[in-house]
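Note that the structure is a prediction, hence the values are computed from the model and not measured.
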There are 2 protein chains.
Amino acid sequence: MNIGEVAKRAGVSRSTVSYALSGKRPVSEQTRRKIEQVIADLGYRPNASARALANGRTSTLGLVFPPAGGHYTGMQLDFIGSVVEAASAYDYDVTLSTSGMDSDRSFQRLLGERRVDGAILMEIRLEDDRVDHFTRVDFPFVTIGRTAHPEQTWWVGIDHAALAASCVRHLADLGHRTVALVNRPEHLLRVGYESAHRGLEGFTKAAAERGLTARTYRCGDSAAAGEACVAQILHDDPTTTALVTLNEAALGGLYRGLAEAGRLVPHDFSVTGIAAGHWAETMTPQLTAADVPAAELGRLAVELLVERLDHPDATPRHHLLTPPIALRASTGPA
Amino acid sequence: MNIGEVAKRAGVSRSTVSYALSGKRPVSEQTRRKIEQVIADLGYRPNASARALANGRTSTLGLVFPPAGGHYTGMQLDFIGSVVEAASAYDYDVTLSTSGMDSDRSFQRLLGERRVDGAILMEIRLEDDRVDHFTRVDFPFVTIGRTAHPEQTWWVGIDHAALAASCVRHLADLGHRTVALVNRPEHLLRVGYESAHRGLEGFTKAAAERGLTARTYRCGDSAAAGEACVAQILHDDPTTTALVTLNEAALGGLYRGLAEAGRLVPHDFSVTGIAAGHWAETMTPQLTAADVPAAELGRLAVELLVERLDHPDATPRHHLLTPPIALRASTGPA
DNA sequence: TTGAAAGCGTTACCAT
DNA sequence: ATGGTAACGCTTTCAA
């Protein structure tokens with residue numbers, strides 16, 4: 001059941017069928033109906049590979065996210081889901097590629113073999129070789145997150161610095177004087193992970209502005225690491241009364257560590273940070289946090305990429321989101 | 001930079017280049033080296049669309065998972081990640097498709113336009129029209145989870161009935177006499193969601209065998225719903241001393257509800273269920289639970305699918321996993 | 001308004 | 001061991 005078969009049964013040429021389908025050339029009402037009839041009877045659908053070969057576009061987007069090993073966060077799943085749904089609305093498929101560096105196998109396949117028309121990159125680093133590579137070969141892409149020099153690139157992101165800063169100010173307003181930052185793991189900072197660096201920067205700056213005593217910690221992406229991290233914080237400075245976390249996966253462990261140290265949240269100790277909204281709500285007490293609008297970011301990324309694909313010479317655009325802190329139950333007066 | 005260009009520069013024909021690449025026909029050592037040289041210089045990679053058109057295979061697998069709306073669970077992300085990684089090891093890409101029913105748009109695209117060679121279906125229902133559809137059109141697929149009649153199909157899954165039953169027995173062994181089941185939401189049961197039904201079945205049967213008083217509840221996939229569910233459970237029968245949950249997303253709410261009711265876990269009340277391991281560990285106290293080996297399931301699903309694609313007439317195979325309960329800190333003597 | 005035919009970049013069969 | 005060429009199924013230009 002290819003286009004030739006449809007043409008034969010409808011008594012027209014293949015080109016007429018093609019035009020009837022695409023509407024790029026007028027087709028008489030009569031033949032159009034005849035063709036539609038045959039198509040419905042046969043259940044014909046044009047072959048995607050042939051179509052891709054003919055017009056040089058695959059109607060597929062690549063979504064590049066880092067390999068497992070490190071656990072995935074809830075945020076990442078929300079991104080993936082929203083990207084797939086948004087892409088589907090524009091008639092694009094999404095193929096996944098796990099890749100940390102531009103040397104990855106599946107990453108090279110997507111690009112080299114032209115399996116996708118464009119790509120969305122997650123988990124951006126300040127200096128990102130994947131971004132450099134895409135830019136160098138002029139391949140259309142949008143990043144979720146931004147590099148150190150995002151001027152000429154297309155991206156969506158949240159303002160981690162502003163978010164971390166507003167967490168600090170929120171704590172300062174409540175009277176806290178000694179605070180800690182629970183960041184992502186050491187190795188992510190070392191490779192220049194954007195959110196970890198910008199969050200750290202915002203935290204540090206805001207703490208200085210408010211004259212707070214501030215310490216920063218790197219913490220593994222697990223409950224166990226979070227628990228250990230709290231112990232360290234309280235050991236280093238027992239007068240600490242609040243923390244800001246950029247580490248979603250450690251959150252449960254942070255709570256547990258505080259409980260073990262006999263610090264009641266929010267009475268004796270305040271916790272806040274950046275996290276996915278529904279995750280923040282599973283905690284007890286519910287986490288006062290800047291909710292990452294992952295679904296919206298995914299949708300915006302797709303919209304930008306589609307726009308870029310439709311207008312290859314458009315000037316780069318971006319969206320920087322600064323969601324407000326959702327006040328819940330994990331922070332209180334010092 | 002297509003195969004013709006390579007051929008020209010190497011001074012051979014296109015077919016020779018093709019055979020040098022695929023190894024399906026002997027090529028003299030000399031020309032092979034010359035060709036490889038040119039390929040390296042040009043950075044040539046065969047075009048995936050052309051290749052797919054020529055040999056009728058896309059080297060892409062479809063991964064069908066349900067649309068958002070209901071939040072995704074941690075398990076689902078683990079599946080996705082492991083499927084992508086395993087597929088990559090077999091040189092397959094993975095394209096995602098959100099679909100609840102066989103009528104979905106992106107689902108139809110994947111199938112109808114032959115964008116994928118085979119598919120992996122998640123979130124299986126006992127009577128699943130997607131499975132029926134795939135079977136009817138003889139499209140190669142593997143399900144994560146199994147239908148009511150899985151005899152002639154390829155699948156991987158976990159034995160939810162056995163897992164729920166062993167949770168019940170664990171509680172009975174601890175002396176609990178009145179227990180509750182926190183299941184997935186009403187609408188999922190109504191559409192015949194496998195894990196919810198089989199879990200319910202295993203729970204009910206095991207409770208009867210041990211002569212326990214048992215009640216079952218349907219609970220929304222959120223912390224708030226979990227909180228409400230616990231309130232209901234304790235209202236319906238205040239003598240309830242333990243619960244089994246199939247609902248990962250509600251877990252945080254269940255703990256909160258118990259705390260609000262003044263029931264200390266595990267001292268006054270035991271909680272157990274089926275969940276992803278690292279999720280179970282973020283809870284305080286850590287959840288004693290049957291850990292779903294999501295990563296392993298994803299890998300096995302890919303292996304089965306690849307096998308099926310390589311041997312179209314092989315007889316259906318499957319893997320039924322029954323992970324043991326990991327004893328943590330949320331259960332204790334009645 | 002429609003048809004014929006030349007691509008798109010591979011693969012694989014048929015020759016030599 | 002290698003080359004020529006007809007597929008694969010679609011789009012689009014050129015003609016009528």
Which of the following nucleotides, D:dT12, D:dA1, D:dT11, is nearest to the side chain of A:Ala54?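 Per side-chain heavy atoms of A:Ala54, the pick is D:dT11.
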Can you identify which nucleotide, out of C:dA4, C:dG9, D:dT2, has its nearest atom closest to the A:Ser13 side chain?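 It is C:dA4.
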Of A:Asn47 and B:Val12, whose closest DNA chain D nucleotide lies nearer the 5' terminus?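 So the residue in question is B:Val12.
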If you pin B:Asn55 and B:Ser28 to their nearest nucleotides in DNA chain D, which one's is more 5'?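 Whichever sits nearer the 5' end wins; that is B:Ser28.
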Go nucleotide by nucleotide along DNA chain C from the 5' end; which of B:Ser49 and B:Arg25 gets its closest nucleotide reached first? B:Ser49
Rounded off to whole Å, could you give me the [atom1]-to-[atom2] distance for the [X] and [N] pair?
{"X": "B:Lys34", "N": "D:dT2", "atom1": "NZ", "atom2": "P", "value": "14 Å"}
{"X": "B:Asp117", "N": "D:dC8", "atom1": "CG", "atom2": "C1'", "value": "15 Å"}
{"X": "A:Ile3", "N": "C:dA5", "atom1": "CD1", "atom2": "C1'", "value": "14 Å"}
{"X": "B:Lys24", "N": "D:dT2", "atom1": "NZ", "atom2": "P", "value": "19 Å"}
{"X": "B:Glu5", "N": "C:dC8", "atom1": "CD", "atom2": "P", "value": "13 Å"}
{"X": "B:Asn2", "N": "C:dG9", "atom1": "CG", "atom2": "P", "value": "5 Å"}
{"X": "A:Arg14", "N": "D:dT13", "atom1": "CZ", "atom2": "C1'", "value": "14 Å"}
{"X": "B:Glu113", "N": "D:dC8", "atom1": "CD", "atom2": "P", "value": "20 Å"}

Can you check whether B:Arg51 has a side-chain N or O nearer than 4.0 Å to OP1 or OP2 of C:dT11?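 For C:dT11, OP1/OP2 do have a side-chain N/O of B:Arg51 under 4.0 Å.
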May I ask you to verify if any side-chain N or O of B:Ser18 is less than 4.0 angstrom from the OP1 or OP2 atom of C:dT11? yes
Applying a 4.0 Å non-hydrogen cut-off, can you work out what A:Thr16 is touching in the nucleic acid: base, sugar-phosphate, or nothing?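 Sugar-phosphate, backbone atoms only, no base.
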For C:dC13, does the base pair up with any side-chain atom of B:Tyr19 as donor and acceptor (N or O, under 3.5 Å, distance only)? yes
Under-3.5 Å donor-acceptor pair between B:Thr31 side chain and D:dA1 base: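 Per atom types, no contact qualifies.
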Which of parallel (below 30°), tilted (30 to 60°) and perpendicular (above 60°) describes A:His318 and A:Trp155? parallel
Relative to each other, are the rings of A:Phe134 and A:Phe107 parallel, tilted or perpendicular (30° and 60° limits)?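 A:Phe134 vs A:Phe107 ring planes: tilted.
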Would you check if B:Leu121 and B:Val131 make a side-chain contact, meaning some heavy-atom pair closer than 4.5 Å?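 In short, these two side chains touch, coming nearer than 4.5 Å.
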Report yes or no: is the cationic atom of B:Arg14 (NZ for Lys, CZ for Arg) under 6.0 Å from the centre of the six-membered ring of B:Tyr19, at an angle within 45° of the ring normal?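 No, cation not above the ring by the 6.0 Å, 45° rule.
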Do A:Thr58 and A:Asp117 have side-chain atoms, one donor and one acceptor, less than 3.5 Å apart? yes
